[in-house]
There are 2 protein chains.
Amino acid sequence: MITIRDVSKYASVSVATVSRVINGSRWVSDETRKKVLAAMKELGYQPNSFARSLATNKSQTVGMVVGDLSGPFFGEMMQSAEQIVRMADKHLIITSSHGTVESESEAIEFLLQRRVDVLILHLDAMPDDKLIELCEQLRIPVVIVNRLVPTMEEQCISIDNELGGYIATKHLLEQGHRSIACIAGPIYKSDSRSRLNGYRRALMEAGVDYNEHLIVESDYTEEGGKAAVKELQERNLSYSAIFAHNDHMAIGAMGWLKSEGVSVPNDVSIIGYDDIIMARYVEPSLTSVIIPVSEFGRQAGLMALRLSGEQQDNVVLRFKPELVIRNSTCRYGR
Amino acid sequence: MITIRDVSKYASVSVATVSRVINGSRWVSDETRKKVLAAMKELGYQPNSFARSLATNKSQTVGMVVGDLSGPFFGEMMQSAEQIVRMADKHLIITSSHGTVESESEAIEFLLQRRVDVLILHLDAMPDDKLIELCEQLRIPVVIVNRLVPTMEEQCISIDNELGGYIATKHLLEQGHRSIACIAGPIYKSDSRSRLNGYRRALMEAGVDYNEHLIVESDYTEEGGKAAVKELQERNLSYSAIFAHNDHMAIGAMGWLKSEGVSVPNDVSIIGYDDIIMARYVEPSLTSVIIPVSEFGRQAGLMALRLSGEQQDNVVLRFKPELVIRNSTCRYGR
DNA sequence: TTGAAAGCGCTAACAT
DNA sequence: ATGTTAGCGCTTTCAA
């Protein structure tokens with residue numbers, strides 16, 4: 001293995017000088033630099049990252065915790081984050097945590113063991129207070145994605161879920177719907193609460209009374225959506241539209257309605273949330289609210305670099321959701 | 001930061017002894033071991049992975065190159081591979097290469113720089129000979145996924161694509177179809193060639209003549225599938241079924257046919273390949289050939305561990321594809 | 001069974 | 001602008 005010492009001998013300079021060249025220090029004459037560069041190339045020298053890390057106590061690595069390595073959401077996020085990180089010649093180490101507080105802590109622990117320089121966290125289960133405490137203990141900077149944690153706003157990349165709920169509901173209202181059911185996510189999650197708040201605000205603005213019986217709490221799964229719309233049926237209420245807090249539930253609900261002979265959108269309009277890939281493929285294609293997932297990844301990457309003292313790019317912290325209108329929604333009474 | 005030296009002092013032993021305890025050497029008395037373990041716990045000691053790597057020249061890391069971090073295929077594979085690798089207390093570093101020979105080499109280079117102990121490669125663009133050459137240069141073991149490279153069979157996790165093509169075609173034949181078009185992937189890829197061979201074998205077995213005009217080469221994308229079926233139309237041939245070399249093309253083809261008023265499966269049966277998530281959601285749901293992606297990941301992980309000298313689990317190298325029958329295929333003339 | 005000490009390859013403070 | 005050298009924290013001979 002070629003070491004810095006070999007290079008220094010070959011170029012007849014000291015190891016310190018070679019190190020300076022490697023790290024782009026200004027205190028090297030052009031001539032020497034060329035000589036060293038040539039030697040490095042000649043010998044096929046490759047710096048040993050362990051030695052460097054040991055000496056600097058930096059790993060040139062950013063750690064990322066996501067809920068799941070599969071799945072379109074995280075995939076896109078990882079993709080864009082990696083691109084950014086790699087352009088800065090650093091590595092992204094990704095670890096998945098399977099949605100429990102414990103596994104999330106473990107995932108973080110695992111990355112810390114690897115001495116990552118900075119963490120990008122997408123945590124689902126861990127409650128705010130625990131997360132805040134954790135970050136205080138940590139001796140490295142942290143970026144939090146898709147979540148707005150009080151007192152840590154500056155490190156959070158998030159999206160306005162209240163606005164998303166508002167936009168979705170407003171779209172239905174504009175189509176003339178007045179009885180709008182809502183299949184909500186688990187209410188202990190702040191996402192769900194915000195989307196529900198947006199829903200209420202839109203109703204209020206339109207002068208439509210809020211009817212809590214039109215709300216069903218579910219679990220973000222397709223099965224859950226199916227169960228929710230069944231429950232709605234049993235409550236024996238009439239409604240002409242449904243706002244589901246995510247596409248999975250919307251698709252589940254749609255499937256059940258179709259199997260019951262209810263036409264979507266003619267009898268019931270449905271709007272989802274997240275715009276997952278499937279939204280385009282189901283029949284009818286699903287109107288949804290877009291989350292700029294890929295931007296999340298990009299910005300998280302940028303912020304991570306900034307926090308680890310590399311770059312100074314500006315980072316966009318807050319995003320706004322947007323509507324994609326497809327064929328699962330139409331005018332009331334059409 | 002607590003070092004091994006702190007622990008050694010606290011436990012009144014030498015650093016060498018502490019090191020032995022850490023690495024589970026047998027040459028430590030039970031008593032001493034207990035004392036050291038207690039000290040480590042007391043002080044909250046965490047070994048420094050850089051120092052260890054520098055001393056051992058091992059990183060406890062496996063590197064993985066995939067085509068794309070997003071996308072269901074790689075997601076699933078990464079997921080299962082990570083699980084395996086992590087259970088062995090090692091890290092998986094994943095890097096994406098965007099489908100060109102150059103970017104694939106770069107990705108590998110990037111991981112080598114990080115001194116990973118072993119590589120898991122999913123390479124699309126790089127031709128066999130180049131890959132073989134590369135592996136010879138490498139001083140670390142390599143696992144190749146979803147590809148069978150001559151002379152390196154022992155390091156390849158692969159699936160029988162010929163059989164997949166055969167199964168798919170046979171299914172159509174069994175439904176009574178005799179004119180079966182084929183939308184093939186890029187023919188320079190061995191996957192495509194194998195699937196095509198399977199197609200021919202099935203036809204031959206059934207005594208159906210092979211008609212090369214029924215074959216269209218395409219590019220594995222939805223758009224490509226659409227274009228291919230258009231092309232087929234223009235050739236003015238009749239066919240009652242299509243075997244597409246992947247689901248994307250099948251879905252594209254199906255979309256176009258539907259928009260032209262051709263009923264699937266009543267007028268034309270379609271079978272895809274890969275069983276991507278969308279296959280279940282399109283209308284009609286797509287009959288397809290399943291690839292055990294998640295097993296690929298698992299086995300690749302296991303093999304990587306084995307090659308890096310950790311475990312001795314047996315690894316399954318060859319997989320067989322299976323058919324999932326859904327609603328895009330039906331009996332001929334039904 | 002334990003300890004002393006020589007590296008592993010690099011960085012950075014200090015000296016020149 | 002360049003060189004000397006003392007670590008960084010750990011593993012691993014070798015000696016005891």
_For A:Phe50, ring-ring contact (aromatic ring centres under 6.0 Å, His included) partners two or more places apart_ = none

*Of all residues at least two apart in sequence or in a different chain, which pass the salt bridge (charged side-chain N to carboxylate O under 4.0 Å, His left out) check with A:Arg298?*
A:Glu295

*Between B:Phe50 (CZ) and D:dG9 (C1'), how many Å, whole number?*
11 Å

*asked:* I'd like to check the side chain to side chain contact (heavy atoms under 4.5 Å, CB included) partners of A:Asn23; sequence neighbours left out, ordered by chain and number.
replied: A:Ser19, A:Arg52

*Residue pairs passing the side-chain hydrogen bond (donor to acceptor under 3.5 Å, both in side chains) test where at least one lies in residues 30-45 of chain A, sequence neighbours excluded*: A:Ser29-A:Thr32

*Could you give the angle between the helix axes at the two ends of the helix from C:dT1-D:dA16 to C:dT16-D:dA1, with five pairs per end, rounded to 10 degrees?*
30°

*Results of ring-ring contact (aromatic ring centres under 6.0 Å, His included) for B:Phe110 - residues two or more places apart only*: A:His91

_Once ring-ring contact (aromatic ring centres under 6.0 Å, His included) is applied, do any residues pair with A:Phe73, and if so which ones, sequence neighbours excluded?_
A:His122

*Could you name each residue pair satisfying side-chain hydrogen bond (donor to acceptor under 3.5 Å, both in side chains) that touches residues 127-139 of chain B, not counting sequence neighbours?*
B:Asp128-B:Arg147

*Protein-nucleotide distance (A:Leu54, atom CG; D:dC8, atom C1'), rounded to Å*: 4 Å

*asked:* Near DNA chain C, counting only heavy atoms under 4.0 Å, which residues of residues 27-39 of chain B show up?
replied: B:Trp27, B:Val28, B:Ser29, B:Thr32

*Taking only residues two or more places apart in sequence or in another chain, which ones pass ring-ring contact (aromatic ring centres under 6.0 Å, His included) with A:Phe319?*
A:Phe296

*In whole angstrom, give the distance that lies between atom CZ of A:Arg114 and atom C1' of D:dG9.*
15 Å

_Reading 5' to 3' through nucleotides 10-16 of chain D, protein heavy-atom contacts under 4.0 Å coded B for base, S for sugar-phosphate only, - for none_ = BBBB---

*CZ of A:Arg26 versus C1' of D:dT2: gap in Å, rounded?*
15 Å

*At their closest point, which heavy atom of A:Leu43 faces which heavy atom of A:Ile2, and how far apart are they?*
O-CG1, 3.4 Å

*Which residues share a salt bridge (charged side-chain N to carboxylate O under 4.0 Å, His left out) with A:Asp124, sequence neighbours left out*: A:Lys189

*Measure the distance from NZ on A:Lys58 to C1' on C:dC10 and round it to the nearest whole Å.*
16 Å

